[in-house]
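Here the structure is laid out as structure tokens; the discussion comes afterwards.
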Amino acid sequence: MSEWTAADIPAQEGRTFLITGASAGVGLRAAAVLAARGASVILACRNGDRAAAAAGRIRETTPGASLRVVLLDLSSMASVRRAAEELRHGTGAIDVMVNNAGIMRAPYRRTDDGFELQLATNHLGHFAFTGLMLDLLLAAPGSRVVTVTSPAHRQGHIDFGDLQSERRYRRGAAYAQSKLANALFAYELQRRLTAAGAKTLSVAAHPGGARTELNRDMPWLFRGRSWGLARPITHSAEAGALPLLRAALDPGARGGDYYAPGGWLEFTGAPVRRESSRQSRDPELQRRLWEVSARLTGVTYPL
Ligand SMILES: NC(=O)c1ccc[n+]([C@@H]2O[C@H](COP(=O)([O-])OP(=O)(O)OC[C@H]3O[C@@H](n4cnc5c(N)ncnc54)[C@H](OP(=O)(O)O)[C@@H]3O)[C@@H](O)[C@H]2O)c1
């Protein structure tokens with residue numbers, strides 16, 4: 001694959017992109033690039049002030065940007081259902097949905113729905129939101145769902161015996177579990193789309209080590225804007241947005257592809273197609289997690 005940059009993105013006028021967590025980090029950078037190419041971008045964010053500030057930043061470089069903010073807190077099923085309802089009534093078809101929002105190594109918290117916070121935000125919220133938005137995606141020719149995972153998925157283990165970490169909570173393990181869940185979800189969604197004869201593609205991607213705000217709960221040696229000791233193995237948030245954008249736009253993408261930076265350990269470099277872990281490709285694990293997620297969230301897919 002040749003080196004891919006934002007300059008490879010053609011005009012996107014007339015296309016609608018829905019990005020979760022577009023108020024900061026790689027989601028904001030991806031939204032800015034798409035808006036500059038003429039796309040309509042829906043910023044699905046939990047904090048209205050931060051979303052408005054993000055929209056303001058995008059408009060500094062693209063004054064005529066077509067942007068819409070929808071309030072979405074992925075850690076709350078009530079909020080997920082409200083946001084989906086709002087979008088279903090005020091939006092036509094959606095061309096690309098980027099399941100990007102995430103938190104890493106958060107202190108233990110149970111959400112109002114009784115879920116562990118990282119699993120709720122990173123996986124269960126996106127599982128439910130995608131299911132509730134799917135018919136708007138199915139209505140758009142050439143549509144895609146991009147789900148953002150992490151190299152941490154390789155250390156992940158889905159603990160069905162203690163999915164919500166009630167017996168034991170380890171921040172890093174809970175993050176890795178949620179990011180493995182993102183990859184398993186992306187591939188199982190593709191299998192189900194294919195089985196239903198749908199043309200929508202489901203693709204996984206991750207930004208590598210991108211200097212965003214994701215490190216707020218890291219040990220202090222890795223915190224701050226510089227990412228401290230981790231700086232040499234990270235790249236900018238703009239560079240981190242590129243694998244997501246390539247997954248969303250590459251005309252050569254196939255359902256179930258996995259886009260990541262091409263460099264050492266997938267941390268930095270231009271975006272390329274790579275291989276995710278063997279575990280993430282396990283169809284039995286994918287199916288089992290899907291069924292558990294559907295039961296926990298009460299969302300069934302229209303496939
Ligand atoms: N940066 C990296 O090195 C790296 C590496 C691998 C994977 N990733 C993945 O990349 C994705 C984006 O992360 P980032 O690095 O851009 O981090 P970030 O700068 O912290 O941005 C995260 C975004 O997610 C939003 N968010 C958090 N909790 C949410 C919730 N409950 N509901 C809705 N939105 C929520 C945040 O909203 P607020 O603005 O309100 O906080 C923010 O917009 C994540 O899925 C992460 O796991 C990042």
Side-chain angles (χ1 to χ4, degrees), residues 18 20-21 23-24 27 44-48 50-51 70-88 97 99-134 145 147-150 152-153 155-189 192 213-214 216-218 279-280 282 284-303:
L18 169 59
T20 67
S23 52
C45 303
R46 62 177 166 175
N47 180 314
R50 280 172 65 80
V70 171
L71 283 181
L72 166 72
D73 179 349
L74 286 155
S75 70
S76 155
M77 286 303 133
S79 172
V80 167
R81 287 186 181 277
R82 262 196 311 274
E85 200 55 29
E86 185 183 335
L87 283 167
R88 296 172 62 77
M97 174 167 184
N99 287 327
N100 161 74
I103 50 172
M104 178 172 73
R105 300 177 63 91
Y108 181 76
R109 210 191 93 197
R110 251 172 96 106
T111 68
D112 290 348
D113 305 293
F115 306 148
E116 181 277 313
L117 185 64
Q118 294 191 79
L119 189 72
T121 306
N122 298 353
H123 169 62
L124 291 169
H126 280 124
F127 175 91
F129 193 46
T130 309
L132 295 169
M133 299 309 299
L134 197 65
V145 179
T147 299
V148 179
T149 175
S150 161
H153 86 269
Q155 284 82 53
H157 165 68
I158 307 291
D159 185 354
F160 288 106
D162 187 23
L163 201 57
Q164 310 302 341
S165 308
E166 284 160 312
R167 283 204 290 278
R168 181 177 184 209
Y169 184 65
R170 288 173 299 143
R171 296 171 178 219
Y175 179 68
Q177 172 175 259
S178 73
K179 291 284 124 181
L180 173 59
N182 286 144
L184 293 164
F185 164 71
Y187 305 146
E188 180 67 13
L189 175 58
R192 288 173 187 245
E213 298 174 31
L214 192 71
R216 59 175 76 83
D217 292 314
M218 287 285 278
Q279 204 186 185
S280 72
D282 177 345
E284 180 52 30
L285 191 55
Q286 293 163 3
R287 188 192 55 73
R288 190 170 171 203
L289 179 69
W290 184 284
E291 284 168 6
V292 170
S293 305
R295 185 165 43 74
L296 288 172
T297 61
V299 172
T300 42
Y301 274 56
L303 286 173

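For the atom pair Thr147 OG1 and Leu189 CG, the distance stands at 7.0 Å (nearest 0.5 Å). Put simply, OG on Ser75 and CD1 on Ile103 are 7.5 Å apart, with the number rounded to the nearest 0.5 Å. The OG atom of Ser178 sits 10.5 Å away from atom NE2 of His126, with the distance rounded to the nearest 0.5 Å. Taken from CG in Leu119 to CD in Gln164, the straight-line distance is 5.5 Å, to the nearest 0.5 Å. The distance from the CE atom of Met104 to the OG1 atom of Thr121 is 13.5 Å, given to the nearest 0.5 Å. Expressed to the nearest 0.5 Å, how far OG1 of Thr297 lies from CG of Leu132 amounts to 8.0 Å.
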Stepwise side-chain contact (heavy atoms from CB on, under 4.5 Å) check, Arg287 with Glu291: CA-CA 6 Å; Arg287 188 192 55 73; Glu291 284 168 6; 2.8 Å; yes
Tyr301/Phe127 under side-chain contact (heavy atoms from CB on, under 4.5 Å): CA gap, chis, key distance, verdict: CA-CA 10 Å; Tyr301 274 56; Phe127 175 91; 3.6 Å; yes
Verdict with supporting geometry, Tyr175 and Leu214, side-chain contact (heavy atoms from CB on, under 4.5 Å): CA-CA 12 Å; Tyr175 179 68; Leu214 192 71; 3.8 Å; yes
Met77 and Phe115: CA distance, side-chain angles, deciding distance, side-chain contact (heavy atoms from CB on, under 4.5 Å) verdict: CA-CA 10 Å; Met77 286 303 133; Phe115 306 148; 4.0 Å; yes
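Distance alone, capped at 3.5 Å, is enough to place a donor-acceptor pair between the Gln279 side chain and the Gly156 backbone. With hydrogens and angles disregarded, a donor-acceptor distance shorter than 3.5 Å links the side chain of Gln177 to the backbone of Leu163. Although no hydrogens or angles enter the test, the distance criterion places a donor-acceptor pair under 3.5 Å between the side chain of Asp159 and the main chain of Gly161. With hydrogens and angles disregarded, a donor-acceptor distance shorter than 3.5 Å links the side chain of Ser79 to the backbone of Asp73. Using a distance-only test at 3.5 Å, with no hydrogens or angles considered, no donor-acceptor pair links the side chain of Asn182 to the main chain of Ser150.
Closest of all the heavy-atom pairs between Gly131 and Val299 is CA-CG1, 4.1 Å. What you find for Ser23 and Cys45 is that their closest heavy atoms are N-SG, 3.6 Å. Contact record, Gly27 with Asn100: CA-ND2, 3.4 Å, taken as the closest heavy-atom pair. The shortest non-hydrogen separation linking Ala24 to Arg50 is CB-NH2, 3.5 Å. Shown here for Ala106 and Leu117, the closest heavy-atom pair between the two residues is CB-CD2, 4.3 Å. Considering every non-hydrogen atom in both Leu285 and Phe160, the closest pair reads CD1-CE1, 3.6 Å.
Summarising the local packing, CG of Asp112 is surrounded by 12 or fewer heavy atoms from other residues, nucleotides or ligands at distances under 6.0 Å.
For the side-chain hydrogen bond (donor to acceptor under 3.5 Å, both in side chains) with Asn99, the qualifying choice from Asn122, Thr130, Thr20 is Thr130, the only one to do so.
Ionic pairing of Arg216 and Glu213 is present here: one or more N-O contacts between side-chain nitrogen and carboxylate oxygen are shorter than 4.0 angstrom. Between Glu284 and Arg288 there is no salt bridge, since no side-chain nitrogen of the basic residue lies less than 4.0 Å from a carboxylate oxygen of the acidic one.
Residues His157 and Leu180 fail the side-chain proximity criterion, which asks for heavy atoms closer than 4.5 Å. For the pair Phe129 and Leu18, the minimum side-chain heavy-atom distance is below 4.5 Å.
Ser293 and His123 form a side-chain donor-acceptor contact under 3.5 Å, judged by distance and modelled atom types alone. In this structure, a donor-acceptor pair under 3.5 Å is present between the side chains of Gln118 and Tyr169.
Within the structure, salt bridge (charged side-chain N to carboxylate O under 4.0 Å, His left out) contacts touching residues 163-188 (residues at least two apart or in different chains) are Arg110-Glu166, Glu188-Arg191, Glu188-Arg192.
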